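Computed from a predicted model, the values in this text were never measured in an experiment. The first residue in the sequence is number 1, and the count goes up from there.
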Amino acid sequence: AWSSTEGLLGVGGENGLLKILRVDDGRSVPQDQGKQTANPLILNQTLLGHESTVKGVVWNENYSKLTTADDDGLIIVWRNEDDKWQEEMINNRKKSIVKDMKWSTDGQCICIIYEDGTVIVGSVKGSRLWGKELKFKMHLIEWS
């Protein structure tokens with residue numbers, strides 16, 4: 001997932017792999033120098049917390065947070081503190097796989113849907129605002 005405000009890339013993979021990357025896009029080098037850096041990777045931080053495959057990575061750009069979910073249903077909200085990404089909140093429902101999650105456009109709420117039909121809306125501060133168990137499998141969610 002790309003954060004256009006932070007210029008960061010969140011990448012998830014197997015066995016709990018989660019990385020935050022920042023690549024030098026050349027804008028930081030003055031135009032008259034025109035030389036490329038040998039290693040364009042400016043930041044390569046591994047975040048520890050997941051053990052199974054990371055399936056969801058979404059940014060809350062308004063609050064500079066990253067939310068990740070894995071195959072076991074573990075959701076972690078990360079925050080940047082002194083250029084180090086750290087866990088801010090953990091939710092482990094352990095009943096079903098997270099199929100999708102999206103932050104609202106103002107960044108105040110996150111909607112999480114699970115494969116078993118459960119829909120949860122939470123606040124940026126971590127409180128549960130609403131939840132419902134629907135009678136069908138869920139795949140995608142989007143705010144209007």
Side-chain angles (χ1 to χ4, degrees), residues 1-31 36-144:
W2 173 250
S3 170
S4 60
T5 58
E6 302 278 337
L8 297 172
L9 189 61
V11 180
E14 294 180 344
N15 301 314
L17 177 69
L18 180 60
K19 290 200 167 270
I20 302 291
L21 306 172
R22 177 174 293 156
V23 178
D24 183 2
D25 60 4
R27 288 185 272 186
S28 60
V29 177
Q31 293 265 333
Q36 289 190 299
T37 57
N39 183 6
L41 196 58
I42 297 171
L43 174 68
N44 182 358
Q45 184 180 351
T46 301
L47 306 184
L48 302 175
H50 291 285
E51 293 180 7
S52 65
T53 300
V54 177
K55 294 279 188 147
V57 179
V58 295
W59 291 99
N60 181 335
E61 295 190 282
N62 295 4
Y63 289 88
S64 299
K65 296 179 188 244
L66 176 69
T67 306
T68 58
D70 66 26
D71 266 349
D72 292 334
L74 176 66
I75 298 171
I76 303 176
V77 178
W78 306 85
R79 75 178 183 294
N80 188 347
E81 203 162 292
D82 299 324
D83 289 329
K84 292 287 182 193
W85 287 87
Q86 300 177 9
E87 292 177 358
E88 178 179 81
M89 184 175 14
I90 297 175
N91 181 359
N92 196 353
R93 190 166 165 260
K94 293 186 181 180
K95 289 183 181 179
S96 184
I97 297 170
V98 175
K99 291 303 281 185
D100 200 11
M101 53 190 177
K102 295 270 186 345
W103 285 97
S104 59
T105 54
D106 64 2
Q108 289 286 320
C109 302
I110 188 168
C111 185
I112 304 162
I113 60 168
Y114 293 85
E115 186 177 53
D116 67 2
T118 302
V119 181
I120 296 173
V121 177
S123 77
V124 71
K125 294 186 180 193
S127 61
R128 183 176 174 152
L129 301 174
W130 182 83
K132 180 86 173 164
E133 289 187 24
L134 304 174
K135 303 282 188 225
F136 49 89
K137 287 190 176 189
M138 308 291 283
H139 293 282
L140 298 170
I141 191 76
E142 188 60 62
W143 290 92
S144 66

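Looking at heavy atoms from C-beta onward, Ile112 lies in side-chain contact with Ile75 at the 4.5 angstrom threshold. Here the side chains of Met138 and Tyr114 are not in contact, with every heavy-atom distance at 4.5 Å or above. The side-chain heavy atoms of Leu134 and Lys132, taken from C-beta on, include a pair separated by under 4.5 Å. Considering only heavy atoms from C-beta on, Lys19 comes within 4.5 Å of Asn44 through its side chain. Under the 4.5 Å side-chain criterion, counting only non-hydrogen atoms from C-beta, Leu43 is in contact with Leu8. Contact of the Asn15 side chain with the Leu17 side chain is not registered, since no non-hydrogen atoms from C-beta on lie closer than 4.5 Å.
The distance from the CG atom of Asp70 to the CD atom of Glu51 is 8.5 Å, given to the nearest 0.5 Å. Between atom CG of residue Leu9 and atom CD1 of residue Ile20 there is a gap of 8.5 Å, rounded to the nearest 0.5 Å. The NZ atom of Lys84 sits 14.5 Å away from atom CZ of Arg79, with the distance rounded to the nearest 0.5 Å. Note that the CD1 atom of Ile76 and the CG atom of Leu66 stand 9.5 Å from one another [nearest 0.5 Å]. Trp85 CH2 to Leu18 CG: the interatomic distance, rounded to the nearest 0.5 Å, is 10.5 Å. Taking OG from Ser64 and CD from Glu81, the interatomic distance works out to 12.5 Å, rounded to the nearest 0.5 Å.
Counting only residues at least two apart or in different chains, side-chain hydrogen bond (donor to acceptor under 3.5 Å, both in side chains) contacts with residues 99-109 comprise Tyr63-Gln108, Thr67-Trp103, Asp100-Lys102, Ser104-Asp106.
Pairing each heavy atom of Ser96 with each of Asp116, the nearest pair is OG-N, 3.1 Å. Considering every non-hydrogen atom in both Gly107 and Asn60, the closest pair reads O-ND2, 2.9 Å. Scanning both residues, Met101 and Thr68, for their nearest heavy atoms gives CE-C, 3.6 Å. Residues Cys109 and Leu129 approach most closely at SG-CD1, 3.6 Å, considering heavy atoms. Nearest heavy-atom pair across Val119 and Cys111 is CG1-SG, 3.7 Å.
The aromatic rings of His50 and Trp78 sit tilted relative to each other, their planes meeting at an angle between 30° and 60°.
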Show your working on side chain to side chain contact (heavy atoms under 4.5 Å, CB included) between Lys55 and Val98 and close with a plain yes or no.
CA-CA 8 Å; Lys55 294 279 188 147; Val98 175; over 6 Å; no

For Ile120 and Trp130: C-alpha separation, side-chain torsions, deciding distance, then whether side chain to side chain contact (heavy atoms under 4.5 Å, CB included) applies.
CA-CA 6 Å; Ile120 296 173; Trp130 182 83; over 6 Å; no

Audit row: Val124, Lys65, side chain to side chain contact (heavy atoms under 4.5 Å, CB included) steps and yes/no
CA-CA 9 Å; Val124 71; Lys65 296 179 188 244; 3.9 Å; yes

Show the numbers, then the answer: is there a side chain to side chain contact (heavy atoms under 4.5 Å, CB included) between Val57 and Val11?
CA-CA 7 Å; Val57 179; Val11 180; over 6 Å; no

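Counted by atom type alone, Glu61 and Thr5 present one or more donor-acceptor pairs between their side chains at under 3.5 Å. Between the side chains of Glu14 and Thr53, no donor-acceptor pair of N or O atoms lies under 3.5 Å. For the residue pair Ser52 / Asp72, a side-chain donor-acceptor distance below 3.5 Å is found, with atom types taken as modelled. Judged by distance alone, the side chains of Arg128 and Ser123 never bring a donor and an acceptor atom under 3.5 Å apart.
For CD of Gln45, the number of neighbouring non-hydrogen atoms (other residues, nucleotides, ligands) closer than 6.0 Å is greater than 12.
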